[in-house]
Structure formats: C-alpha cells, structure tokens
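Quick note on labels: first sequence line is chain A, next is B, and so on, each numbered from 1. No hydrogens, no waters, no symmetry mates; every other heavy atom, side chains included, goes into these values.
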Protein chains: 2
Amino acid sequence: MSARTTAQDAVLSRLREDILTGVLGPGDQLVQESLAERYGVSRVPLREALKTLESEGQLVYYPHRGYFVVELSTDDLREVYHLRALLEDAALRAAVPALDERDLIDISELAEEIEQAAVDGDVRAMTEANRRFHFAMYDAAGMPRLSRLLRQLWEATDAYRALYYQGEDNRHRVTGEHAQMVRALRARDVDRIVALHDEHRSHSVAAVEALLNPRSRNPHRSHPREKP
Amino acid sequence: MSARTTAQDAVLSRLREDILTGVLGPGDQLVQESLAERYGVSRVPLREALKTLESEGQLVYYPHRGYFVVELSTDDLREVYHLRALLEDAALRAAVPALDERDLIDISELAEEIEQAAVDGDVRAMTEANRRFHFAMYDAAGMPRLSRLLRQLWEATDAYRALYYQGEDNRHRVTGEHAQMVRALRARDVDRIVALHDEHRSHSVAAVEALLNPRSRNPHRSHPREKP
DNA sequence: CATGGACGGATTGTATCCAATTCTTGCGGG
DNA sequence: CCCGCAAGAATTGGATACAATCCGTCCATG
C-alpha cells in the first residue's frame, strides 16, 4: 500500500497546526534549521511547505531574509472578511438548492459536534469542527475553485482565530447562530441563510478586530528581526 | 547592491512564460531533471517554483508522480470566469471612484500599447500589455488580496490564453472594447464600465470554450503518463 | 491467451554539504 | 554620544548525492 504521506505534506500539516494554535504567532520568523529539527526532517521538504504557505498568504517571504508569519492590520482583516462575504454569499446561493437530505444530516451533526466541543471548552476541536461545518455548506456549491479560494481566505486569519474562541461568550453565541442557520437551511430559505451568515461573520470580525488593537500587545513574543 | 534575483524566482518566471506561450501545454508532465537542465539550475529551486504554481492552481501534483499542467474542462473554465466576474465587478466598483488623473493616463497608454501590439500581431506583447491594462484597474481598488486572487484566476487559464489571441478578429474586437472602457472610465460611469467589462469577459470565455472542444484535439502533444 | 509477479530503469523525495547573503557586534573616528 | 564600517556569526540559497517510489516490461503460470 502507499498510504504513506511525504515529509513535505506532514510538515505542512504541522506548520498549519502550529500557526492555528499560536505556537507560531504573527510576526515570528520561521528559522528553517530550528523548524526542520523540531519536525525531524531536513530543510528541503520544509522549504517546500513554507513555499505553499507563502503563496496561500499565511507567510510572507523576503529573499535572503526568510519566512515570517503574516501580521494583519485592521485594514487587512477587513479586506479578508469583505472578500469572504462576497464569495461565501455566492457559495451559499449556489449550494442551498443543491443540498440533499444526506448533506443536511451531515451539517446538523457537525453543528452538534461544535456545540459539544464548545461545552467541553476544547478550543482546538471547536475550530476544527467549525471549519468543517462551514465548508460542508460551501463545498456543496460544487465549485472547487471557489472552495479553494475560501480556504485561503479562512487560513489567512488562522493566526488570529485561536484567540477568538478563547472567549467563552464567543463560543456560546456561535453555537446559537449555527442552530439558526441549520433551521434556515432545512427551510431552504436562501436569503435568510445569507443574512444569518453575514451577521455571524460580522460578529467574528468585530471580535478579532478588538483583539487586534489591544492596549497591551503580548509582550512575550520575540521578534528576532524586524521587516523592512 | 542586491538587485539580483534568486534562482527560484527566475525559474518561476520562465515557467509562467512557458505555460503562457504553450511550450508547456495542458496535460504535460513537468519532468524535473529536464526542466532544471533547461533552465540551468538544480532541482531544488525548480521544485519550489513548481510548488508555487501548484498552489496557484496552474499545476497539479501527485505525490511520487510529479507535476502536470492542469487540463481544464468546460465546467472548470466556466467556474473560473464566474468567479472572475464576481471579483472583478467588486474591484471595479471600488476602483473607479479612487482613480486619479495619473491612473487614467496610465490606463489609456496601456490601451494604446495593446492596440499597437495587436496591429503588429505580437501575441506575446499583447497578452502582457492586456494583463497590465486590466490590473491597473483592479489594483486601483487598493485591495491587495483581491488583486492576488484575481491574478490567480487569470493565471489559471494562462495555458489556454495564448490560443485565444491567435485569432486576428479576436485581437481587433478586444482593442475596440478597451477603447469603450477607457471612455467610460473617464466619465466615471461605474455601471457602464462593469457592463462593458462583463461583456468583454464573456466574449473571451466563449472564444476559449470554442477552442476547448475542438473536433480534433492537438494530436502532437505527448502525454508520458496518464493521471489516475 | 490472460494474469500476476518480479526485475530494472526512470522519476521523484530527502539529506547533506557548500556558497552567498544578511545580520550582529564591536571598534574607531568625529 | 553617535555614526560609519569592517569582520565574524547566523541564516538562507543552491548543488550534489543517495534513498524511495513508481512504471513499464518480461517471464512464469494457470
């Protein structure tokens, strides 16, 4: 059998994980030797994974300087969410008429999975299930490139997403909104779904924006080099 | 001075060029050793460039099999153009109010540059100038991520674009449409620009679609391996 | 004749080594 | 004290060498 994955793919997953969980925070330089050692591979597959994350917009790359986790300004964040609004609306409008009973069941189960994770306070599991919940809807549009673009936009803010779900109140509001969305889906009420989704999104952008401009930025993070 | 570019960037440019000009056609496998030799580098920087093109959607990658130039189905093509319509409309609506006199002059000059290339029958120069013309507008929206997504969508069809401009009639229609768009820009008539742009786009999708389903596909191309 | 399995060449994947660039540090001069 | 600047250290960029995988072929077997 050939279920074995290549080292570059394994490293890519671990990098995503580390960005999502904040092990690698905004502004950090990704020193290749250290990371390669940490992941137990050589620098070659690591560099290919870094290149992927760069072209997805999660990292920035300066030749001969290295890769850094992107730091988003408030404007950057607004742009990402503006583009998400545009594309997610389109995805939902294409998806809802195409949903079959099986899809609805899957989506409902994912909503429950999120709720369970929220109750448990398992932030990691919650972000994971949350992404599957939303993309179950987007993917139903049957437009792979659209899904791909949306994945990029979601990942662009992964470095900040972890912070968001730290707040218990955020977690509970989210599950309530999801339940509303599932009901609207079953009713095939496209306009209502889009409206709920827009509202849902603007709540999270507001929350992340608040986290973005704190009085006191986390002072622990070390920034080995400043960028030009 | 440090104006020198890295090998991976140079290779990336040459790969884009070769895809755009059809040296590398849809379905071709990119054999690393041959390409590396052709470009005069080792496989390491080449692979990083391939990784970039993969995550942009111009190549597909099968682990342990290699990279192949994507082959677009009619549905794929329609999806790309549908997404372009969505995002380009948004870009234009944001851009037009922001254009200053300098931008308008630049855009006009680019339109003339395209026309000159069309007259000369210089397909390569025409596609190049055409891209700069359109992105001069999109970029004026001041949304770098939007520009980036659009660049990806444009490049996704690069492998087919060269064919389009082969037709002399296509080339002439295009320049006429550009002139109309420039006039509408000067008048700040947003709705008209968007309408013209949509029409412009649907002409090219129709033409490429026709090229995509020919009675006789090009039989010369060798396909070393078939994909799963 | 069809099928399956082992061998060998071709291609990709990874590690290691060296070169090139950038960053840091410390020193001297103003 | 501050700036410029020159070595040395740290880091990235690239080339080569080797390992792993895949694919086509050929032969044995039923």
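In the set D:dA17, C:dC17, C:dA15, the nucleotide with an atom closest to the side chain of A:Pro45 is C:dA15. Across D:dG13, C:dG13, C:dT11, the shortest atom-to-atom separation from the side chain of A:Gln8 is found for C:dG13. Across C:dT12, D:dG13, D:dA15, the shortest atom-to-atom separation from the side chain of B:Ser42 is found for D:dA15. The listed nucleotides are C:dC23, C:dA15, D:dC22; the one nearest the side chain of A:Arg65 is C:dC23. Checking C:dG13, D:dA15, D:dG13 against every side-chain atom of B:Arg47, the shortest atom distance belongs to C:dG13. In this structure, of D:dC22, C:dT14, D:dT12, it is C:dT14 that holds the atom nearest to the side chain of A:Val44. Which of D:dA15, D:dG13, D:dT11 sits closest to the side chain of B:Val41 comes down to D:dA15.
A:Leu30 places its CG atom 13 Å from the C1' atom of D:dT12, with the value rounded to the nearest Å. Taking atom OH of B:Tyr61 as the reference point, atom P of C:dT11 lies 16 Å away to the nearest angstrom. Summarising the geometry, the separation between CZ on A:Arg43 and P on D:dT11 is reported as 11 Å, rounded to the nearest angstrom. When the P atom of C:dT11 is taken as reference, atom CG of B:Leu50 falls 15 Å away, rounded to whole Å. A straight line from CD of A:Glu54 to C1' of D:dT12 spans 14 Å, rounded to a whole angstrom. The CG atom of A:Leu46 sits 13 Å away from the C1' atom of C:dA15 (whole-angstrom rounding). Atom P of nucleotide D:dT12 and atom CD of A:Glu48 are separated by 16 Å, given to the nearest angstrom. Atom pair A:Glu33:CD and D:dG14:P shows a separation of 17 Å (rounding to whole Å applied).
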Between A:Thr127 and A:Asn130, is a side-chain hydrogen bond (donor to acceptor under 3.5 Å, both in side chains) present by the stated rule, with each step listed?
CA-CA 5 Å; A:Thr127 57; A:Asn130 182 61; over 6 Å; no
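The shortest distance between the side-chain N/O atoms of B:Gln32 and the OP1/OP2 oxygens of C:dG13 is below 4.0 Å. Here A:Tyr62 does not reach the OP1 or OP2 of D:dG13: none of its side-chain N or O atoms lies under 4.0 Å away.
More than 12 heavy atoms of other residues, nucleotides or ligands shown are found within 6.0 angstrom of CD on A:Glu17.
Look at A:Arg148 and B:Glu56 and you find no salt bridge, because none of the NZ, NE, NH1 or NH2 atoms lies under 4.0 Å from a carboxylate O.
For B:His134 and B:His200, the gap between ring centers is short of 6.0 Å. Between A:Tyr62 and A:Phe68, the distance from one ring center to the other falls under 6.0 angstrom.
Nearer to the 5' terminus of DNA chain C, by closest-nucleotide assignment, is the contact made by B:Pro63 (compared with the other of B:Pro63 and A:Pro63).
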